[in-house]
Amino acid sequence: MAEAIFYWQALNRALDTRMAADESIVVLGEDVGLYGGSYRVTEGLYAKYGEWRVRDTPISEGSFTGLGVGAAMVGLRPVVEIMTINFALLALDAIINMAAKIPFMSGGQFPMPLVVRMPGGVAKQLAAQHSQRLEQTLMNVPGLRIAVPATPQDAYWQLCQAISSDEPIVLLEHELLYFSKGELDESRPPPPMHRAELCRPGRNLTIVTYSRMRDLALKAAMQLAETGIEAEVIDLRSLRPIDWDCCVASLEKTHRLLIVEEDSGFAGAGAEISAGLTERCFAILDAPPRRVAAEELPIAYNAALEAASIPQVADVVRASQQLCRS
Amino acid sequence: MESDLLKKMLRDMLLARAFEERAAQAYAQGDIAGFLHLYPGEEAVGVGVLHAAEPADYVVSTYREHVHALVRGVPASTVMAELFGRKTGCSGGMGGSMHLFDRERRFMGGYAIVGETFPVATGIGYAIAMRELPEAVICFFGDGAVNQGTFHESLNMAALWKLPVLFVCENNHYQIGTEIHRHSAVAEVYKRACGYRIPARRVDGMDVLTVHQAAQEALAQIRAGNGPQFIECETYRFRGHSMADPGSYRPRVELQAFEKNEDPVKIAIAETAAAYPSAEQIAAVGRDNIASLAGSLHRGGHISTAHLDAMQAEVAAQVEEAVRFAAASPEPTLEDAQAALDCNRQGEVLV
């Protein structure tokens, strides 16, 4: 039965369900235990599963992520929580040089059933060092898979799938989504983890987006509908790999592509989406692909500047209208 | 010291030396490329430590790890084939000299980023401790690695949760080209472990017996549930950092002195060879210890020159066979590379 719950609760439910079923799953991170996680994702798990399976770590991102790598090599299924993605810069050696490469450079001898979860994105006035994403960095790493759930249902499905997978998977969560509500039906069979979702059908343009920008795109699509433009909205759900088929099928119908991403556009996720779809769809596009992305600035603390730095619904509406006129 | 064990260690040291010298030759001939970090001079460390380990223990190593793999029982042929980049190599030709892996022998890899062995070993130790198994992890690293953040972070966690990790510092006094007094505020590496309440000691890393005994004692502590242990082995590499390094930063006299007086293979041969103590040795030890010294040499020795020659011929033949095997092995294909990357995909088909 479907019920409306918070995004953080869906992640919590996924961890609890999987941990109850599999003793090899361990959760590691700062304040994941006694404190319950800074966004409540691990709430209640420490009491239920004990300190060896829910481990409060020192503030040592590089080494506790690397510890997860070592543990995964000998059969544990670690779920590492990095408190925010901004701290993951300290763990990139473990993620990129170790987790992504060990299965390969060992000639396929070692599984890497590691999940690294991290909240990111622009939240509320957290300033430059706490308001970024790293998908563009991680997308360029063969051997990693990247899931970007935008709804409680996807958060539940994709975390369960990531835990069950023997590949290293980064789950990029969004700080503003933790307290958003949505339906969760645990009994629904999940689509493959990397499958995109067509969340709104349309015919005039395709908006390809992911994570928190999904909501923006859907709101923009509703406003556009009032002006006679029917936007098709695709939530990618996965940034490596990308479900090109879903996007191509949509562009065959709409012939116009708008990409909406929260991060700065230069060399960002949108650049790859644009390039990948241009290669596949050049002949059927009626206009050059267009991107709505953040300003090329670090995020300012000031609230008005912060809002002005990242895409808003109005930006998506405006860009869609221009694209449809071109 | 049992005579059998001593002979086995000597044999592994001879194999190590022969293998590495042959690898250098193959590198010069163009059969091996990339970075090649050789072990001559440091054999007593790897051999002494790994002969104290059990088959169920795990080994995590650095990019100077050929000998660790060999002593662990990875066949010389598959190690050499990996150096040659062949499909039959222990990492399928994907890893090369710096990334030897052997799952079956719990050889958990060579890591080429200085300081990576600490978290990997700590993670394996975490899994062991959580499952309450009687196993241990041996974590090798050099004196340069102790300046990385992962050293401090991982030692802290290993001590905090009493993880079964034996930290073994191969202190060859050079962080690539920078001598330890120029890269470390505290040149006695073992003292750094004290900051994390990890029992630590410094031993003569040129003497295989000393290293072996220290490792045995440390592993016994670990298996008794006393948490991580730390051994600093003072050693010296006879070659440059890698084959790309002429080693011009080291005083020639220093290298010559080590090669002449401190060669661990020569020391091991001397310790293994059947001999009565010389008059000078007896005089040096003093009257009270004469009996014990003579006794240990008797017990530990009994290898004839002929036996030693045969051993050297045997390892030389093994190394030559390894080169033949490697040279005759096929190259891996792009399909093999993709299969290695996708080894954990469980058959899932992606877009």
Side-chain angles (χ1 to χ4, degrees), chain A residues 23-24 26 28 51-53 55 57-76 78 90 93-94 97-98 100-114 142-143 145 164-168 192-196 238 240-246, chain B residues 58 60 82 87 89-96 98-104 106 108-109 111-113 115-116 118-131 137 148-157 160-161 163 332 336-337 339-346 348-351:
Chain A
E23 284 189 353
S24 63
V26 297
L28 305 161
E51 65 175 358
W52 278 99
R53 295 191 60 199
R55 179 61 79 178
T57 64
I59 298 178
S60 305
E61 284 84 4
S63 287
F64 70 68
T65 309
L67 188 153
V69 169
M73 289 175 79
V74 292
L76 293 191
L90 295 163
D93 187 61
N97 264 326
M98 292 155 67
K101 293 186 174 58
I102 287 170
F104 176 79
M105 65 189 190
S106 67
Q109 292 182 72
F110 286 94
M112 191 53 65
L114 175 74
R145 290 177 67 172
S164 302
S165 168
D166 283 342
E167 294 181 273
M193 190 171 64
H194 58 277
R195 189 69 67 200
S238 164
R240 188 181 179 100
I242 285 174
D243 185 354
W244 300 115
D245 292 351
C246 175
Chain B
Y58 295 89
V60 184
E82 190 59 37
K87 187 179 167 122
C90 60
S91 303
M94 303 301 151
M98 301 186 284
H99 306 300
L100 304 176
F101 287 82
D102 189 323
R103 181 183 180 80
E104 190 189 334
R106 301 198 164 186
M108 308 305 283
Y111 294 87
I113 308 295
E116 278 186 343
F118 305 117
V120 172
T122 305
I124 296 168
Y126 192 90
I128 294 169
M130 179 178 149
R131 292 163 166 163
V137 192
Q148 285 281 33
T150 48
F151 173 81
H152 302 277
E153 296 177 353
S154 299
L155 261 67
N156 179 49
M157 290 192 283
L160 185 63
W161 304 323
L163 305 182
D336 294 327
L341 185 70
D342 297 343
C343 64
N344 302 312
R345 190 147 290 170
Q346 301 169 343
E348 187 186 353
V349 179
L350 300 186
V351 285

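In the text below, chain A, chain B and the rest are named by the order of the sequence lines, each starting its count at 1.
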Report summary line: Minimal heavy-atom distance between A/Pro58 and B/Asn156, with the atoms involved, is CG-ND2, 3.6 Å

Report summary line: Between A/Phe104 and B/Met94 the two heavy atoms that sit nearest each other are O-CB, 3.4 Å

Query raised in the report: Does atom CD of B/Gln346 have more than 12 heavy-atom neighbours, drawn from other residues, nucleotides or ligands, at distances under 6.0 Å?
Result: yes

Query raised in the report: Quick one: side-chain contact (heavy atoms from CB on, under 4.5 Å) partners of B/Glu116, sequence neighbours excluded?
Result: A/Asp93, A/Asn97, A/Met98, B/Tyr111, B/Ile113

Report task. May I have the step-by-step check of side-chain contact (heavy atoms from CB on, under 4.5 Å) for B/Trp161 and A/Thr57, ending in yes or no? Result -> CA-CA 10 Å; B/Trp161 304 323; A/Thr57 64; 4.1 Å; yes

Part of [X] within contact of chain A (heavy atom distance under 4.5 Å):
X: B/Leu160; value: side chain
X: B/Leu155; value: neither
X: B/Tyr126; value: both
X: B/Met157; value: side chain
X: B/Ala112; value: neither

Query raised in the report: A/Ser63 and side-chain hydrogen bond (donor to acceptor under 3.5 Å, both in side chains): which partner among B/Gln148, B/His152, B/Glu153?
Result: B/Glu153

Query - For B/Arg106, all residues meeting salt bridge (Lys or Arg N to Asp or Glu O under 4.0 Å), sequence neighbours excluded - result: B/Glu135

Report summary line: One option among B/Ser154, B/Cys343, B/Pro119, B/Ala339 has the most heavy-atom pairs under 4.5 Å with chain A, and it is B/Pro119

Report task. Name the member of B/Arg131, B/Lys87, B/Glu82 that forms the most heavy-atom pairs with chain A at distances under 4.5 Å. Result -> B/Arg131

Requested in this report: Kindly compute the distance separating CG (B/Asp102) from OG (A/Ser106), expressed to the nearest 0.5 Å.
Outcome: 10.5 Å

Query raised in the report: Quick one: CD on B/Glu104 to CD on A/Gln109, what's the gap to the nearest 0.5 Å?
Result: 9.0 Å

Query raised in the report: B/Asn344 side chain to A/Phe110 main-chain N or O, any donor-acceptor pair under 3.5 Å?
Result: yes

Check: [Y] and [X] side chains under 4.5 Å, non-hydrogen atoms:
X: B/Met130; Y: A/Arg53; result: yes
X: B/Phe101; Y: A/Ile102; result: yes
X: A/Asp166; Y: B/Arg345; result: no

Query raised in the report: Do A/Arg145 and B/Glu348 sit within salt-bridge range, that is, some charged N less than 4.0 Å from a carboxylate O?
Result: yes

